[in-house]
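Inspection log for the structure reproduced underneath, given as structure tokens.
This structure is a prediction, so every number in the text was calculated from the model and none was measured. Numbering of residues begins at 1 and proceeds along the displayed sequence.
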Amino acid sequence: MSTERHYTREFVRTFFTSPTAVEGEDDSAKMLRSAAGLRGMQAPDVWVPDNEDATAPSMREEGIDNIIEVVAEHGADFPGEIHPRVVWHREDPAKRYAGFQQMLRIARSDTGAIEHIDGFVIPEVGDIDDWKKADEFFTIIETECGLEPGSLSMSVIVESGEAELALGDLRTEMGKPANNLERLFLLVDGEVDYTKDMRAMTRTGELPPWPELRHNTSRGASAAGLVAVDGPYDDIRDIEGYEERMADNRAKGMTGIWSLTPGQVVTANKAPLPPKTGSWLLDVGDREVELSAEDGQQVYDGSEVGLEVTGDREYTLRVGDDERVLDEDELREELLDMTAYVPSMTDIVDSMEEFEAAKEAGKGAIAMTQSTTVVIDGVSVEISKDRMWDEATYQAAGTPIALFQDVYEHRPDQHEELEEMYGEEIVERATAVGN
């Protein structure tokens, strides 16, 4: 089968859930109304009015009424996609039927709410046969309500071992005449219920990090031409931890993450974008630290690494408790191994444009040079590294630009903030390069 995508978004940064009905409030839909008014970097790529875990069972009927009302009123102006989450469970036919009825009520409403809904999120799925049951309900809804076949996308939350194993079946099952699984959009990890399903335990009671689940979900999404999204990060005050989680995910090919607050949405919307300015990193043993740019030099201001001149062209380099005596060439090689460069948006665009020009001139590969002066304990050392760029390097380097172009195309409400972040000139070049 082909991994051609069947929807317009290639990247999703933010998956933001809102309770559909809040008990004890004069306006039980106040959380939905608040979310519907989000714009710019505070607005998610995918908004999920959550009529499952985020809403009390006693409020779910009212929650459907609220979805219909709020989406009918505000859906046309909401800048992201809208995918309500309904109830479902792989082992509970009654709950599956209830989820079908929730979707059908929204689709049948004479308010026109369904015109602004891009799809639905199905939680607690099981093996691939369970995914097909949900897909059949989507097909029935589209048929009964006169919607175009396949117009409602389906996203699933991977919350069980069964669902994780089903990821391996997607590539062969999608496209069979007996189902419409091409409607699949997002594969979302749900680590809380997954932990419960796996009967996993930790000494502190905290969730395991589940790197294998995130890798498997990302791999399943890549093989089937879908989008992978990580689950919620519950410590909403731990911005640094949230950013570290996203960085680890991006190294696995998983750009998107669940957001629980508008603050997390802003962080998750910005984190995958190329930085405005480049930076040099120094490996200090157990971690990397960012060097300070001062007068064109990169200065280390810490205690884990030390450097002093101990003779004619002789240096002593200390990393932690380890000390080594090196000559000038050996020191340069050591610092090259200890440093890494994080390219800026401008750096990436410059390099891509340079390679495109070289390719047009008939060259298959070119060398790109990065140079700087590293200063440790007042001792300056010039370092320079060459990197060969070929077509594969060009394609890999272009992924952050492809993300930026996807955002710029689908989120015009963020144009002003993006231009303030990078400047109009680099935004214009970034939207053109690679096309």
Side-chain angles (χ1 to χ4, degrees), residues 15-36 44 46-75 82-109 111 113-114 117 119-127 130-131 133-138 140-141 152 154-163 186 188-199 205 207 229 231-234 236 258-261:
F15 179 95
F16 178 53
T17 50
S18 305
T20 60
V22 181
E23 197 166 7
E25 296 287 342
D26 293 337
D27 177 13
S28 69
K30 73 170 192 175
M31 299 295 284
L32 289 184
R33 296 188 204 282
S34 175
V46 171
W47 173 37
V48 183
D50 188 351
N51 207 49
E52 197 223 13
D53 281 352
T55 301
S58 62
M59 299 295 290
R60 287 173 184 163
E61 286 300 305
E62 188 171 339
I64 294 297
D65 292 334
N66 289 342
I67 292 173
I68 292 170
E69 178 186 343
V70 173
V71 172
E73 184 178 354
H74 301 286
I82 304 175
H83 296 253
R85 178 187 185 186
V86 298
V87 297
W88 188 269
H89 200 283
R90 58 192 174 277
E91 297 174 358
D92 190 338
K95 189 163 284 187
R96 295 196 296 269
Y97 180 74
F100 167 61
Q101 289 296 320
Q102 289 179 358
M103 292 187 287
L104 189 59
R105 276 182 57 199
I106 294 172
R108 280 179 170 170
S109 167
T111 63
I114 195 63
I117 286 176
F120 292 95
V121 177
I122 307 297
E124 296 281 9
V125 290
D127 60 23
D130 190 49
W131 300 35
K133 291 171 186 173
D135 163 57
E136 186 64 20
F137 282 151
F138 277 71
I140 292 171
I141 291 167
L152 292 174
M154 181 171 82
S155 300
V156 300
I157 305 183
V158 179
E159 301 179 270
S160 66
E162 291 174 77
L186 303 178
V188 184
D189 283 340
E191 285 90 347
V192 176
D193 282 297
Y194 181 84
T195 298
K196 178 185 69 176
D197 181 75
M198 297 291 286
R199 297 195 293 181
L207 290 178
V229 175
Y233 192 85
D234 289 345
I236 59 176
W258 204 310
S259 301
L260 299 172
T261 68

Pair R105 + E61, salt bridge at N-O below 4.0 Å: yes

Residues R33 and E69 bridged, charged N to O under 4.0 Å: yes

Donor-acceptor contact present, side-chain Q102 to main-chain V87, <3.5 Å: yes

Donor-acceptor under 3.5 Å (S34 side chain, K30 main chain): no

Close side-chain approach of [X] and [Y], heavy atoms under 4.5 Å:
| X | Y | result |
| --- | --- | --- |
| T17 | L260 | yes |
| V86 | N51 | no |
| W88 | D130 | yes |
| D53 | R85 | yes |
| D197 | R90 | yes |
| S109 | I114 | no |
| E124 | E52 | yes |

Shortest non-hydrogen contact from [X] toward [Y]:
| X | Y | value |
| --- | --- | --- |
| F16 | S259 | CD1-O, 3.1 Å |
| V71 | A113 | CG1-O, 3.6 Å |
| A107 | I141 | CB-CG2, 3.5 Å |
| T20 | G63 | OG1-CA, 3.3 Å |
| V70 | W47 | CG1-CH2, 4.3 Å |
| F120 | H83 | N-ND1, 4.2 Å |

Test log, rule side-chain contact (heavy atoms from CB on, under 4.5 Å), inputs I122 and M103: CA-CA 10 Å; I122 307 297; M103 292 187 287; 4.2 Å; yes

Quick check for you: to the nearest 0.5 Å, what is the distance between [X] atom [atom1] and [Y] atom [atom2]?
| X | Y | atom1 | atom2 | result |
| --- | --- | --- | --- | --- |
| I106 | L152 | CD1 | CG | 10.0 Å |
| F15 | D50 | CZ | CG | 7.5 Å |
| T55 | E23 | OG1 | CD | 11.0 Å |
| E162 | E91 | CD | CD | 6.0 Å |
| S18 | N66 | OG | CG | 12.0 Å |
| H89 | E159 | NE2 | CD | 8.5 Å |

Parallel, tilted or perpendicular: rings of F137 and F100 (30°, 60°): parallel

From CA spacing to verdict: side-chain contact (heavy atoms from CB on, under 4.5 Å), D189, Y194: CA-CA 8 Å; D189 283 340; Y194 181 84; over 6 Å; no

